[in-house]
Amino acid sequence: MTPRFARVLAATLLALAAGCTPGTSTGTLPDCPVGRPASTTAPTGPAGLAAPGACRSRATVVQPVAAAVPSPGYHHLGATTRGRWSGVLGRIEVGDAGVRRGTYDFVAARFMAKAGRGAEQAWLEVGWTETGWSGNARQRVYTYDTATRAWAFYDQYAVSPGDKLWLHLQTEAGGEQPSWQAWLWWGERWNLLTSRPLPLSGQAEIEQYVEVHADPADPGTVTIPRLAIDNVQLKTSPDAGLRPWNAEVPTSPGADFATYCLDWLRPYTSWTTTTC
């Protein structure tokens, strides 16, 4: 997620009723039941439109971004594949970042599939975030994609510090603009958060990142709690299985990216013990 925090953001807030989740046709998937507790077990298999019990979720709030204006205060850390893959599955820990309400602070921990460069770059991301301008600074499941250029929040999933979320970002098709899907394992089933046709082809660069934005108009610090991203696997092609994202996968900034993350963030936070 590149910095997208112009002051005009406040004017673009759009709260939508449940049932208006962004996405494309998802076949005959039933709606996900509301009020289900978080899963207590790991996924029993990969996500997909044919996965047992799969259901379709709906965003509770969609927040378009009118302008993407780079600004001071934005930092990110993590790892990016040097090759292209068709998906990523992994577990991301939720933490309390203590962002300041009424500011444009935010912290997000997420997976991303992306392609292109500069203004032509396209991507889909899924994870959890804590924002100062919306959501009362609580932790929330979210997606963002460049087709809609909007944050989508899923407040029906009550997440809190210490939770570990299984997330799967993938495509099941090839071609120039296949649908890419963002999934959350919740209630012992895969919940489809969104599905978007994007010019990523059937393979894209994959990221596992933590992002930090400290509002430059309201100087202060953002504290990054200990965050773990683990059990990460990569999908080799749209119809293939998963393999571990380990030191054998060409990665930037390299196999020692966990140490890199720790060292890189320290100048920008009051306390950091981040694990990527």
Colleague: Got a donor-acceptor contact below 3.5 angstrom from the Q208 side chain to the I229 backbone?
Modeller: no
Colleague: Which heavy atom in V126 sits nearest to a heavy atom in A182, and how many Å separate them?
Modeller: CB-CB, 3.9 Å
Colleague: Does the side chain of Y209 pick up a donor-acceptor pair with the side chain of E125 at under 3.5 Å?
Modeller: no
Colleague: Would you call D31 and R58 a salt bridge, taking side-chain N to carboxylate O under 4.0 Å as the test?
Modeller: yes
Colleague: Quick test of your reading: applying ring-ring contact (aromatic ring centres under 6.0 Å, His included), list the pairs with at least one residue in residues 186-205, sequence neighbours left out, ordered by first then second residue.
Modeller: Y157-W186, H168-W190, W185-W190
Colleague: Could you check whether any side-chain N or O of Y154 sits under 3.5 Å from a backbone N or O of L193, counting only pairs where one atom can act as donor and the other as acceptor?
Modeller: yes
Colleague: Do you see a donor-acceptor pair shorter than 3.5 Å between the side chains of E188 and T41?
Modeller: yes
Colleague: Is the shortest side-chain heavy-atom distance between V62 and F153 below 4.5 Å?
Modeller: no
Colleague: Does any part of the side chain of P64, heavy atoms only, come nearer than 4.5 Å to the side chain of R149, both counted from C-beta?
Modeller: no
Colleague: Which heavy atom of L200 sits nearest to which heavy atom of A113, and what is that distance?
Modeller: CD1-O, 3.8 Å
Colleague: Which residues satisfy the salt bridge (Lys or Arg N to Asp or Glu O under 4.0 Å) test with D239, sequence neighbours excluded?
Modeller: none
Colleague: Can W123 and Q121 be counted as having a side-chain donor-acceptor contact under 3.5 angstrom?
Modeller: no
Colleague: If the test is side-chain contact (heavy atoms from CB on, under 4.5 Å), which one of T143, D145, T129 qualifies with W151?
Modeller: T129
Colleague: May I ask you to test the T80-I206 pair for a side-chain heavy-atom distance under 4.5 Å?
Modeller: no
Colleague: Is there a donor-acceptor pair under 3.5 Å between the side chain of E130 and the backbone N or O of D96?
Modeller: no
Colleague: Would you indicate whether the side-chain heavy atoms of V232 and V88 approach each other to under 4.5 Å?
Modeller: yes
Colleague: Name the orientation class of the two ring planes belonging to H213 and F106 (parallel below 30°, tilted from 30 to 60°, perpendicular beyond 60°).
Modeller: parallel
Colleague: If the test is side-chain hydrogen bond (donor to acceptor under 3.5 Å, both in side chains), which one of E176, Q177, R84 qualifies with S201?
Modeller: R84
Colleague: Does G135 offer a backbone N or O that forms a donor-acceptor pair with the side chain of R138 under 3.5 Å?
Modeller: yes
Colleague: K235 side chain to T171 main-chain N or O, any donor-acceptor pair under 3.5 Å?
Modeller: yes
Colleague: With a 4.0 Å cut-off, would you call R82 and E205 a salt bridge?
Modeller: no
Colleague: If only side-chain N and O atoms count, and only distance matters, is there a donor-acceptor pair under 3.5 Å linking S134 with R140?
Modeller: yes
Colleague: Any side-chain to backbone donor/acceptor pair from T81 onto T251? Under 3.5 Å, distance only.
Modeller: no
Colleague: Are the side chains of T131 and D105 in contact, using a 4.5 Å heavy-atom criterion?
Modeller: no
Colleague: Side chain of R110, backbone of G127: donor and acceptor closer than 3.5 Å?
Modeller: no
Colleague: Ignoring hydrogens, what is the shortest heavy-atom contact between E172 and L49? Give both atom names and the distance.
Modeller: OE1-N, 3.2 Å
Colleague: Are side-chain heavy atoms of R91 and E93 found at a separation under 4.5 Å?
Modeller: no
Colleague: Side chain to side chain contact (heavy atoms under 4.5 Å, CB included), that's the test. Do Q181 and L169 meet it? Break it down for me.
Modeller: CA-CA 6 Å; Q181 309 156 0; L169 191 63; over 6 Å; no
Colleague: Grab the two heavy atoms, one from P43 and one from W166, that are nearest each other, plus how far apart they are.
Modeller: CD-CD2, 3.4 Å
Colleague: Taking the side chain as every heavy atom from C-beta outward, state whether L89 and L167 have any pair of such atoms under 4.5 Å apart.
Modeller: no
Colleague: Side chain of R189, backbone of A51: donor and acceptor closer than 3.5 Å?
Modeller: no
Colleague: Could you check whether any side-chain heavy atom of R243 comes within less than 4.5 Å of a side-chain heavy atom of W85, counting everything from C-beta outward?
Modeller: yes
Colleague: In terms of side-chain heavy atoms, does D215 have a donor or acceptor partner in T103 at a distance below 3.5 Å?
Modeller: no
